[in-house]
Structure formats: C-alpha cells, structure tokens
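Step one of this worksheet: look at the structure below.
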Amino acid sequence: MAGPRLNVLVVNTGSSTLKLRLLSADDEVLATHEVDPWTGDGSLPDEAVAALDEMVARAGAVGHRVVHGGPDFTSATVVDATVLAHLEGLAPLAPLHQPRAVAAIRAVAAARPDLPAVACFDTAFHATLSPAASTYALPREWLRRWDLRRYGFHGLSHQYAARRAAQLVGRPLSSLRTVTCHLGAGASLCAVRAGHSVDTTMGFTPTEGLVMATRCGSVDPGLVMWLVNQAGLGPAEVAEALDRRSGLAGLSGGTGDFRELMGTMTAGEDAARLAFDVYVHRLRREIAAMTATLGGLDVLVFSGGVGEHVPIVRATAARPLGFLGVAIDGTRNGATTTDGDISAEGATVRTVVVTAREDIEIARQVRRAL
C-alpha cells in the first residue's frame with residue numbers, strides 16, 4: 001500500500017547538521033536547505049527559518065529521521081506528545097543524535113503545528129533480526145533489565161539501497177540475497193534477504209562493526225577493561241576516544257576524511273596506508289560474514305559518501321571476494337559515482353553503486369504511516 005500522494009518535508013538530523021528537503025508526491029526534489037553546523041539547541045539561523053517556513057507551507061506531512069527507536073518503535077510512527085517524550089527518554093542510547101532529532105521535531109511543530117509528523121527510525125529495519133542475530137551472550141538478567149540487544153543502524157539507507165539495487169539489476173527484491181554497504185563517516189553493512197534485514201554490523205550502539213571516520217568499530221571488550229583497570233584511563237575518556245579519536249583519524253594521526261586520507265596515502269604516508277589497509281580488511285571480512293548469514297550472495301551494493309565516491313575502496317574490498325562470485329569491471333568502477341552496475345562480465349554476483357537517498361525512504365514510510 002503506497003499511502004496518500006503527499007509532498008513530504010524530510011528532516012534529516014545528523015550529529016552536527018540539519019538537512020531539510022521537500023519532496024513532491026513523485027519524490028522529485030522541490031526545495032532543500034542545510035544547516036551546518038547545527039548545535040541542536042532548537043534555535044535556527046534566520047535563513048533556515050525562512051527556508052523552513054516556505055517548505056512547510058508546501059508540505060502535506062513531515063518525516064523525521066530518528067536514529068534510535070529502542071525496543072518499542074519498530075516501524076514509522078506518527079508523533080504525538082507521548083511518542084515525543086519516549087524519544088527523549090532514548091537519548092542515552094544515541095547521545096549525539098537523539099536530542100537533536102527531538103529538537104528538530106519541536107522546531108518544525110512550532111513552525112506549523114497542524115502538519116502531521118512521522119518519526120522514521122534507523123533501527124526499525126533491523127527489527128526483523130532473529131534472536132540468534134540480535135542477542136549478546138550476556139547474563140539473561142542484564143538483557144532483560146536494560147533491553148540489551150543488537151539494534152543495528154543506518155536502516156533507512158540499507159532499506160532504500162536494497163530496493164534500488166533490485167531495480168538496477170532487474171530482479172524482484174523478494175528473490176535476492178543482498179549485502180548493502182553504507183560507507184560514510186559512519187559505516188555499516190546489512191545482510192538483506194527478500195527485502196528484510198537478517199544481520200548487520202552495528203549493534204547496541206553505532207560504535208560496533210566496521211572501522212569508521214572517528215569510531216573504532218569492534219574491539220575486544222577485554223581491551224577496553226584493560227584501559228580502565230590497568231592503564232588508568234577514566235571511562236569517559238575511553239568512551240570519548242573510541243567514538244571521536246579512533247577509526248581512520250586515530251590510525252592516520254590526522255583526518256577521518258577519506259579524500260584527505262587518500263592524498264596523504266598517495267604522498268607515501270605510512271600511517272595513512274595502514275589506516276586504509278585496516279579499513280578495507282575489516283570491510284571485506286564483514287562482507288564475507290554477511291554473505292555467510294545469507295547462505296550466498298546475489299547483489300553487493302556500495303552506498304554512502306565513501307561507497308559512492310571512492311572507487312579504490314570498492315576495488316580493493318572486492319578483489320579477494322572472487323570466491324563468492326564478486327568481480328568488478330575496472331573501467332566501470334572508476335567512472336561510477338551514481339546509480340550504476342560495476343560488475344565485470346560473467347560475474348555471478350552483481351555489484352552496484354546506489355546513491356544514498358534516505359529522504360526517499362523516509363517519504364515512502366511517511367505516506368504508508370498516514
């Protein structure tokens with residue numbers, strides 16, 4: 001069921017940005033505005049207020065990207081006072097994103113209180129994970145008391161990427177085993193069977209999984225305990241370092257921006273080369289792990305800023321995966337930064353690039369929710 005044909009204002013709140021995009025009923029971009037940086041304190045620059053006023057006047061509904069839905073919100077949900085209070089209570093699970101999403105919901109509601117608002121969750125797509133895939137091997141009383149589980153993130157991006165990839169390869173989504181790679185400042189993979197998430201690399205928080213721009217990805221929890229108990233670092237110091245001073249930035253001793261990293265690597269900087277090698281090693285390892293969960297692979301998808309615009313990451317990650325049927329064409333790979341097929345001739349697995357469009361997925365979910 002497609003839902004009503006509405007212009008939808010999509011509000012995508014990041015850890016430091018606020019992106020507004022008005023989509024027509026046919027998902028054409030009618031207007032866009034970005035606030036960067038945005039403190040999330042609820043106040044908006046004058047130009048953003050003017051842009052917001054213009055967009056809400058033309059919108060039939062608004063869809064908000066909300067990173068964390070916790071255990072209760074497993075699908076897009078119409079926002080009311082009770083829902084908003086619940087979302088505020090989830091802030092400790094996503095402290096960089098959740099308070100800003102709530103502030104954005106309030107800001108848009110103040111501009112037009114009568115506009116239906118729908119919260120669309122990055123965690124919701126992963127609500128279909130089996131208990132085997134979502135459960136940590138921790139004491140049962142801990143799991144129950146604190147709702148500890150692998151939630152997964154980037155669900156809006158993974159859901160759109162899997163559906164768009166099926167269109168690009170000309171096959172029904174219901175017939176496909178797909179691994180989607182959302183590679184940006186944050187990065188995660190998702191194993192998608194017939195359009196449903198069955199495994200993913202992020203867990204209870206967005207720190208687990210792949211190496212990211214400033215986040216470490218998965219590390220031995222014993223190492224973390226050693227840093228606190230033996231090295232004498234405080235828990236807050238360790239948490240800040242794992243989220244903000246690790247990943248590519250930590251390994252390279254400089255930047256987590258892939259464009260800058262590639263420049264220093266090309267110049268022969270050993271630390272930059274190591275950062276790249278660690279990043280790609282973890283990426284290809286986890287692609288194979290997601291494929292094992294699926295029992296095989298039909299489509300491999302690269303999306304996100306790095307996935308779309310850094311061909312050497314795609315090529316280096318794919319090169320050892322020939323045993324899975326993955327092979328990409330060098331010329332196509334080097335020339336593709338938008339939706340396109342980069343598979344080599346004769347490859348049994350189709351490899352595609354998909355432009356990240358969380359806004360389209362959010363608009364789709366808003367229409368369905370209404």
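Values below: all heavy atoms of this structure, side chains included; hydrogens, waters and symmetry mates excluded.
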Before giving the answer on salt bridge (Lys or Arg N to Asp or Glu O under 4.0 Å), spell out for Asp114 and Arg112 the whole-Å C-alpha distance, their side-chain angles and the decisive distance to 0.1 Å. CA-CA 6 Å; Asp114 63 315; Arg112 189 171 158 193; 3.2 Å; yes
Steps toward side chain to side chain donor-acceptor pair (under 3.5 Å) verdict (His154, Ser188): CA-CA 7 Å; His154 292 139; Ser188 68; 2.8 Å; yes
Between Arg273 and Glu269, is the salt bridge (Lys or Arg N to Asp or Glu O under 4.0 Å) condition met? List the steps. CA-CA 6 Å; Arg273 166 55 68 178; Glu269 179 63 50; over 6 Å; no
Salt bridge (Lys or Arg N to Asp or Glu O under 4.0 Å) between Arg364 and Asp359, intermediate numbers included: CA-CA 9 Å; Arg364 174 176 173 268; Asp359 57 328; over 6 Å; no
Asp257 vs Thr255, test: side chain to side chain donor-acceptor pair (under 3.5 Å). Steps then yes/no. CA-CA 5 Å; Asp257 186 304; Thr255 180; 5.3 Å; no
Could you go through Arg106 and Glu88, starting from their C-alpha distance and side-chain angles, then the distance that decides it, and tell me whether this counts as salt bridge (Lys or Arg N to Asp or Glu O under 4.0 Å)? CA-CA 11 Å; Arg106 294 191 188 281; Glu88 285 184 298; 3.0 Å; yes
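In the hydrophobic clustering of ILVMFWY residues, with side-chain heavy atoms under 4.5 Å counting as a link, Val8 and Ile105 come out apart. Both Phe302 and Val179 are members of a single hydrophobic cluster when ILVMFWY side chains are connected at heavy-atom separations under 4.5 Å. With hydrophobic clusters built from ILVMFWY side chains whose heavy atoms lie under 4.5 angstrom apart, Met262 shares a cluster with Leu210. Hydrophobic clustering of Ile, Leu, Val, Met, Phe, Trp and Tyr side chains at less than 4.5 Å, counting indirect connections, keeps Met290 apart from Val301. There is a path of hydrophobic side-chain contacts, each under 4.5 Å, that joins Val29 to Ile362.
Residues Leu294 and Val198 have side chains in contact (heavy-atom distance under 4.5 Å, counting atoms from C-beta outward). The shortest side-chain heavy-atom distance between Phe204 and Leu93 falls under the 4.5 Å cut-off. In this structure, the side chains of Thr338 and Glu308 stay at 4.5 Å or more apart for every pair of heavy atoms. The shortest distance between side-chain heavy atoms of Ile287 and Leu189 falls below 4.5 Å. With contacts defined as side-chain heavy-atom distances shorter than 4.5 Å, the pair Leu20/Val35 does not qualify.
Asp122 and Arg65 are joined by a salt bridge, as a carboxylate oxygen and a charged side-chain nitrogen come within less than 4.0 angstrom of each other. Salt bridge Glu345/Arg332: present, at least one basic N to carboxylate O contact under 4.0 Å. Salt-bridge annotation for Arg163 and Glu361: present, with a side-chain N of the basic residue lying under 4.0 Å from a carboxylate O of the acidic one.
With Arg215 contributing its side chain and Gly247 its backbone, the two residues share no donor-acceptor pair below 3.5 Å. Between the Trp146 side chain and the Glu141 main chain, no donor and acceptor come within less than 3.5 Å of each other. Panel note: side chain Asp26, backbone Glu28; no donor-acceptor pair is recorded below 3.5 Å. Without hydrogens or angle criteria, Thr13 side chain to Leu18 main chain gives no donor-acceptor distance under 3.5 Å. Side chain of Asn333 to main chain of Ile328: no donor-acceptor pair is present (N/O by atom type, distance under 3.5 Å, no hydrogens or angles). At least one donor-acceptor pair under 3.5 Å links the side chain of Thr214 to the backbone N or O of Asp243. In this structure, Arg58 contributes its side chain and Ser24 its backbone to no donor-acceptor pair below 3.5 Å. Using modelled atom types, no side-chain atom of Asp329 and backbone atom of Ser343 make a donor-acceptor pair closer than 3.5 Å.
Cation-pi geometry between Arg282 and Tyr279 is not met at under 6.0 angstrom from the ring centre and within 45 degrees of the axis.
Annotation: His86 is in aromatic contact with Phe73 [ring centroid separation under 6.0 Å]. Centroid-to-centroid, the aromatic rings of Phe153 and His182 stay 6.0 Å apart or farther.
Looking at every heavy atom in both residues, Gln98 comes nearest to His68 through NE2-O, 2.9 Å.
Residue Phe121 is tested with Leu87, Val67, Thr74 for a side-chain contact (heavy atoms from CB on, under 4.5 Å); the sole match is Leu87.
Between the side chains of Gln365 and Arg368, no donor N or O sits under 3.5 Å from an acceptor N or O.
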